[in-house]
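Here is the structure we will look at, set down as structure tokens.
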There are 4 protein chains.
Amino acid sequence: MSSTTRERIIDEAMHLFSEHGYAATSVAKIEAAAGLTAGAGGLYHHFTTKEAVLAAGIERQLSRLDALREIRRVLMPLGDRKAELTLIARYILAELDSESELLRILASEARNRPQMLSTAVDQLVNSTFEGFATWIGELADGQIPSEAARAIAVLGLGSLLSSRLLRDVLGAPFPVEDETLLSTWVQLMSATLDDFASRAGA
Amino acid sequence: MSSTTRERIIDEAMHLFSEHGYAATSVAKIEAAAGLTAGAGGLYHHFTTKEAVLAAGIERQLSRLDALREIRRVLMPLGDRKAELTLIARYILAELDSESELLRILASEARNRPQMLSTAVDQLVNSTFEGFATWIGELADGQIPSEAARAIAVLGLGSLLSSRLLRDVLGAPFPVEDETLLSTWVQLMSATLDDFASRAGA
Amino acid sequence: MSSTTRERIIDEAMHLFSEHGYAATSVAKIEAAAGLTAGAGGLYHHFTTKEAVLAAGIERQLSRLDALREIRRVLMPLGDRKAELTLIARYILAELDSESELLRILASEARNRPQMLSTAVDQLVNSTFEGFATWIGELADGQIPSEAARAIAVLGLGSLLSSRLLRDVLGAPFPVEDETLLSTWVQLMSATLDDFASRAGA
Amino acid sequence: MSSTTRERIIDEAMHLFSEHGYAATSVAKIEAAAGLTAGAGGLYHHFTTKEAVLAAGIERQLSRLDALREIRRVLMPLGDRKAELTLIARYILAELDSESELLRILASEARNRPQMLSTAVDQLVNSTFEGFATWIGELADGQIPSEAARAIAVLGLGSLLSSRLLRDVLGAPFPVEDETLLSTWVQLMSATLDDFASRAGA
DNA sequence: AATGAATGAGATTTCATTCAT
DNA sequence: TATGAATGAAATCTCATTCAT
């Protein structure tokens, strides 16, 4: 069960990091939470450094993310744009929710440990963005200039992302139900795409 | 150095808090940055506690925010909806930019010090949201149900907010120019409002 | 060095507390005296707080005191009152001497930390008093009113106690030899008891 | 009113020293209690050092003691030994009560600052003792050996002193009323003196 | 693999004292 | 004479990390 202890350490560490922050989480507390004796240094049989625990935790989350993204390709082609938008929104929210711990850690620590966390930010945010921007570009191909497609993607994703950042990172009581948020988002995106299309057609 | 020591302490502390986080900023570093001897405790002649410095800094930012908001009322009535949306967007981005330090601090610390920072989050985010939601509600009065108006406001603000959270909090290289972002946002909001209006008219 | 680190810490701390006072004894000095690196906080692996060291030290002294008191019951019945008084006095002085460290600490700190030290004062002083008062009451039973018996006990014990308080707490050069003190005390108590008895007999 | 501030500083300092101990009483607290601004160093216009305040306070108490002792000579010759003993006891208790603050300070600090406080201890305790011992010696002159007279004096004074040390220094709830204590003490001393006298007569 | 113990470094905070005003 | 501000030194306590067992 040597690998189990390692996993437990990562689990509990990510939990504590996201709840109290990296600096405020002592190695002793991680050990205690993982079932080891607090302060006895048992963690160091599995990781060289406290920071290595964070790195391993983030890596693990990212690989889970990769797995999740495999699914994305399967989801796409539905024919109906609104249905597709709904599916995309649901998928994005689900992804953000499954990564809320990571999100909180990134929000707290990204500025202090850029070399280690920039990859994570990139994968969590930017790669999602690229996929979405490409999809919008392909959707009405030629009709929407790529710069505009990128801007639409950024605004569309951003509006969903911010709902989670507000709730999970800033702890603000969010003022709208998820279902309303989702259907409004679909309408908003669909109206925008139509608008751009009609403008290009004119 | 015409400013008070107290002011300098707040300035430098907010700077350091936003750059390195609250926990990673020692009192000694704040003292050094404020021109006092590091580690001599000179800060404690002006504040009872390290946390009191944070509290004072946030209070000061919030009162600046209040001042900024006085302007908002003057800005509004332009007759042209797109012009108004452009103005709103510019104003919101400007506000967020002038509070980027506060934003970073809130993102790092809101979960650890909720009792102290919840007011700040509220004022920075929620009150802006309320104003915007009301404006949308009034704009096409009766035509957009209030629940939908709130959702549109949340998505519209969120898309602008997230551009700043990504850049300032997560440190992600933002993929779209501000001007493009702004004009696309105006089109997006305007298309959405038209869409809702035509739907209500039908 | 056959003793535990924990024991050594208590030993040295009580030493230093009694010599220089609680406040004037820094944790670093205790660590150094106990063979740990000064200022490294090694003490905190054994005690949560500097005050906890004092508490443990006092508790240990009190349990030694309890052990010592077991003997008292064996000592008593001798038949000869003067012999008994001599024995009692010797025992009381021996007890006070074996607790002189505790006595000094109590004298310095009892007013500042009442909740922690009141038990100790009680056990060290009051319980001895109760035993002595009872003995006097039984000795000439019925002949000495209980209020007077208590007063005699308090004065008798107090005169012995003050010899130690003067020497150990106030550091006054004590003007009488122990042997003289003791024999005079026996005569004093014995004369007093006789006086009360003859008064009751009249 | 320059002397008034000085007096106030001494007053409040002695108060605080006796209540919380010398080390636990900061200069800032003394200043505040004396009506000066805390931490502004106003105390240093009147004393060179925190320790100088203690020295001045003790000196002042000692000169008050001297004044009190002037009265002693007037009190003495009454002819009736029991009446004299009562008077002496009353006087000693009154003196101890008027010096209870000093007593507490001496008990806490005598071991840390011997050079400064030994004089005070000497005057407060030993000189009273010398007077009493002499009186006993003179009383039954020749009949009581001087060594025994000293021992009786030490025990008699000690029994009164300890009642005040227990109450004021150790904070122990004292188990006997003052009136009972006093009358019992008179009986005890008188019985003892009689006993010695009869022994010498035989 | 886990633990008890130790340590160097550093964090927050307090404080006696000084000095220009 | 009193004050606001500053400072060197030290105090309590925390912590990441190491090591013998």
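All of these numbers come straight from a predicted model, not from anything done at the bench. The chains referred to below are lettered A, B, ... by the order of the sequence lines, with proteins before strands, and numbering in each begins at 1.
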In this structure, how many angstroms lie between the [atom2] atom of [N] and the [atom1] atom of [X], rounded?
{"X": "D:Tyr22", "N": "E:dT14", "atom1": "OH", "atom2": "P", "value": "19 Å"}
{"X": "A:Leu16", "N": "F:dA16", "atom1": "CG", "atom2": "P", "value": "12 Å"}
{"X": "A:Phe47", "N": "E:dA1", "atom1": "CZ", "atom2": "C1'", "value": "14 Å"}
{"X": "D:Leu54", "N": "E:dA16", "atom1": "CG", "atom2": "C1'", "value": "15 Å"}
{"X": "A:Ile9", "N": "F:dT17", "atom1": "CD1", "atom2": "P", "value": "13 Å"}
{"X": "B:Phe17", "N": "E:dA11", "atom1": "CZ", "atom2": "P", "value": "13 Å"}
{"X": "C:Lys50", "N": "F:dT14", "atom1": "NZ", "atom2": "P", "value": "15 Å"}
{"X": "B:Leu36", "N": "E:dT13", "atom1": "CG", "atom2": "C1'", "value": "15 Å"}

| field | Side-chain N or O of A:His45 closer than 4.0 Å to phosphate OP1/OP2 of E:dT3 | value | no

Which nucleotide sits closest to the side chain of [X]: [options]?
{"X": "A:Ser26", "options": "F:dA16, E:dT13, F:dT3", "value": "F:dA16"}
{"X": "C:Thr37", "options": "F:dT14, E:dT7, F:dT1", "value": "E:dT7"}
{"X": "A:Thr49", "options": "E:dG4, E:dA11, F:dT17", "value": "F:dT17"}
{"X": "A:Tyr44", "options": "F:dT18, E:dA16, F:dT1", "value": "F:dT18"}
{"X": "B:Ala40", "options": "F:dG8, E:dA1, F:dA6", "value": "F:dG8"}
{"X": "D:Val27", "options": "E:dG8, F:dT17, E:dA16", "value": "E:dA16"}

| Pick the nucleotide of DNA chain E nearest each of B:Glu51 and C:Gly39; which residue has the one closer to the 5' end? | C:Gly39

| query | On DNA chain E, nearest-nucleotide positions of C:Thr5 versus B:Gly41: which is more 5'? | reply | C:Thr5

| query | How far does CD of D:Glu109 sit from OG of C:Ser108, to the nearest 0.5 angstrom? | reply | 7.5 Å

| query | When rounded to the nearest 0.5 angstrom, what distance separates CD in B:Glu31 from NE2 in B:His46? | reply | 9.5 Å

| request: Classify the side-chain pair C:Arg60/C:Ser63 by whether it contains a donor and acceptor separated by less than 3.5 Å. | output: no

| If you look at every strand shown and take non-hydrogen atoms under 4.0 Å, does C:Thr25 touch a base, only sugar-phosphate, or nothing? | sugar-phosphate

| query | Which part of the nucleic acid does C:Leu43 contact within heavy-atom distance under 4.0 Å: base, sugar-phosphate only, or nothing? | reply | nothing

| query | Which sits closer to the 5' end of DNA chain F, D:Gly35 or A:Ala28, going by the nucleotide each is nearest to? | reply | D:Gly35

| Are the side chain of D:Arg111 and the backbone N or O of C:His20 linked by a donor-acceptor pair below 3.5 Å? | no

| task | Measure from the side-chain N and O atoms of B:Thr37 to the backbone N and O of B:Ala40, and report whether any donor-acceptor pair falls under 3.5 Å. | result | no

| query | Which base, if any, makes a Watson-Crick or G-U wobble pair with F:dT21, both distances under 3.5 Å? | reply | E:dA2

| said: Looking at F:dT14, which nucleotide sits across from it as a Watson-Crick or G-U wobble partner, both distances under 3.5 angstrom, or is there none? | reply: E:dA9

| task | Considering only NZ, NE, NH1 and NH2 on the basic side and carboxylate oxygens on the acidic side, decide whether A:Glu19 and A:Arg104 come within less than 4.0 Å. | result | yes

